[in-house]
There are 2 protein chains.
Amino acid sequence: MTEPLRIVIIEDEAAIRRFLRASMGPDEVEWFEAESGGEGTRLIAHKNPHLVLLDLGLPDQDGLEVLRSIREWSQVPVIVLTARGKERDKVLALDAGADDYVTKPFSIAELLARIRVALRHAARAMPATEAAYEAGGLSIDFDARQVFVDGEEVRLTPIEYRLLSELARHAGKVLTHRHLLRTVWGQAYEDSTHTLRVHMGSIRSKIESDAAYPRFIRTETGVGYRLIPEES
Amino acid sequence: MTEPLRIVIIEDEAAIRRFLRASMGPDEVEWFEAESGGEGTRLIAHKNPHLVLLDLGLPDQDGLEVLRSIREWSQVPVIVLTARGKERDKVLALDAGADDYVTKPFSIAELLARIRVALRHAARAMPATEAAYEAGGLSIDFDARQVFVDGEEVRLTPIEYRLLSELARHAGKVLTHRHLLRTVWGQAYEDSTHTLRVHMGSIRSKIESDAAYPRFIRTETGVGYRLIPEES
DNA sequence: CGTGGGCATCAAGGTTTTGTCAAGATGGAC
DNA sequence: GTCCATCTTGACAAAACCTTGATGCCCACG
């Protein structure tokens, strides 16, 4: 994983949040914490996390409802983390779309292992991520998070990098505006096409020398953008 | 799911095998039972199951070794089902590639729910790429949204592309003006045959070299258009 | 032999989509 | 708190695209 892992935790007890934070290095993981279901779903929509940890006993609404409303629009892996150990609760949560169910008190090593399993599944649902991309003068080192044009390093902002990476991971294919917005920004931004254009513009100004004849990124009018797989 | 679910269970206690068999209707599931690791891996290779239930305490070899050897060549979902409840065992199994870990004695309803989760994951891992079209010098790559004539790329506008795609999806068949207008423009435009003609003209000017002898798109007077499936 | 329907082509005009620039807004580092 | 990099938003310009009308061809039919 080249970019830091984004995890949303929806849990009203601060002690548990602190415990989890401490259990995983802060360098590897970017934590987003919510104390209520509403705040949690908002965070998921805005931060586009890789994983969600969800407590079922929340102050504002039942965790099961939160889970169902997330599943209406997002496929993000959700691990339910709760004190409710009844068989019925487990079955309901798993069938509502939870990817795993861990009962408190839990073993931290086991939870971490289950998180790895969930991330493994999510990674497999996407096309294989190579360690690097290289085509026609443009190369991306996903491990080092670096981009080069004809050997020269180009400095990209986080959003620019994620946009270009997404294009590179599907090099040659057209990615729709909606897809890019959902992948890079998250569900809540899927109509912000104008923002997308501005960012594409700034990527281009950094990697394209002649704006009239793009070497790398081609606009598919009315649809989206496409990374040109070979120089032509 | 039109074909029955195939599940391999690797477990030396016959009582548990019988119990699981009884828990799921025999009409929906085809069970394959193995009492040892070696037999189990052979069954997986031979039967290509949708899911594997694996006991860790086996007579011939350690279940963890079985799991690792399965993972060398197969991505089939594996749920570990065992009496070993130690944290260390769980972490080892999950990191070795297990998709879930259920400790005996287990609740059958929970196990079934976890099986459903595993199958859900497996179904999602399948890529959904649309095939390309290729006939007599004309090829369409639906992923890249690109059209080639004799290897040369041809750039089409959104409407042109959708028109040609619709023709290609029903290659050889006559599509009526009305059908094309409804599919590409929408119901409200189904009488704008003149607009349709102009667009067909511009597609032709891009993909046909000799307008008098069309290689690809044939006009069916009074009816509509047809894509010629083979060069003749 | 003339006429009209169906079709193809061309160019003009208007509309939608995209690109660019710059001004705030945001948020983290110090 | 200020500074700095980044992101979002708005206004406008540029480009791409679509529709429409005019015109001419071909051919069936009277």
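Convention: sequence-line order gives letters A, B, ...; per-chain numbering from 1.
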Test salt bridge (Lys or Arg N to Asp or Glu O under 4.0 Å) applied to [X] - qualifying residues, sequence neighbours left out:
X: A:D55; answer: A:K104
X: A:E87; answer: none
X: B:R182; answer: B:E190

Nearest whole angstrom, please: distance from the [atom2] of [N] to the [atom1] of [X].
X: A:R162; N: D:dT6; atom1: CZ; atom2: C1'; value: 13 Å
X: B:D191; N: D:dT20; atom1: CG; atom2: C1'; value: 16 Å
X: A:I159; N: D:dT9; atom1: CD1; atom2: C1'; value: 14 Å
X: A:Y189; N: D:dT8; atom1: OH; atom2: C1'; value: 9 Å
X: A:W185; N: D:dT6; atom1: CH2; atom2: C1'; value: 12 Å
X: A:L163; N: D:dT6; atom1: CG; atom2: C1'; value: 14 Å

Checklist entry - According to a strict under-4.0 Å criterion, is B:T157 in side-chain N/O contact with OP1 or OP2 of D:dC17? => result no

Next on the checklist: Test your reading of the model: is there a side-chain donor-acceptor pair from A:T41 to the backbone of A:G38, 3.5 Å cut-off?
Outcome noted: yes

Item to check | Short N-O contact, B:R120 and B:D99, less than 4.0 angstrom | outcome: no

Checklist outcome for this item: Contact string for nucleotides 22-30 of chain D, one letter per nucleotide 5' to 3', B = base within protein heavy-atom range under 4.0 Å, S = sugar-phosphate only, - = neither, reads B--------

Item to check | Proximity to DNA chain D (any heavy atom under 4.0 Å), residues of residues 196-210 of chain A only | outcome: A:V198, A:H199

According to side-chain contact (heavy atoms from CB on, under 4.5 Å), who are the partners of [X], at least two apart in sequence or on a separate chain?
X: A:R88; value: A:L92
X: A:E220; value: A:V174, A:R218, A:V223, A:R226, B:R145
X: B:E72; value: none

Item to check | Pairwise salt bridge (Lys or Arg N to Asp or Glu O under 4.0 Å) hits with a residue in residues 75-84 of chain A, at least two apart | outcome: A:D62-A:R84

Item to check | Selection residues 198-212 of chain B - residue pairs positive for salt bridge (Lys or Arg N to Asp or Glu O under 4.0 Å), sequence neighbours left out | outcome: B:E160-B:K206

Checklist entry - At under 4.0 Å between heavy atoms, what does A:R155 touch on the DNA or RNA strands: base, sugar-phosphate, or nothing? => result sugar-phosphate

Next on the checklist: Can you list everything that forms a ring-ring contact (aromatic ring centres under 6.0 Å, His included) with A:H179? Sequence neighbours excluded, please.
Outcome noted: A:H170

Checklist outcome for this item: So the contacted stretch of DNA chain C, first to last nucleotide with an atom under 4.0 Å from a non-hydrogen atom of chain B, runs from C:dG6 to C:dC10

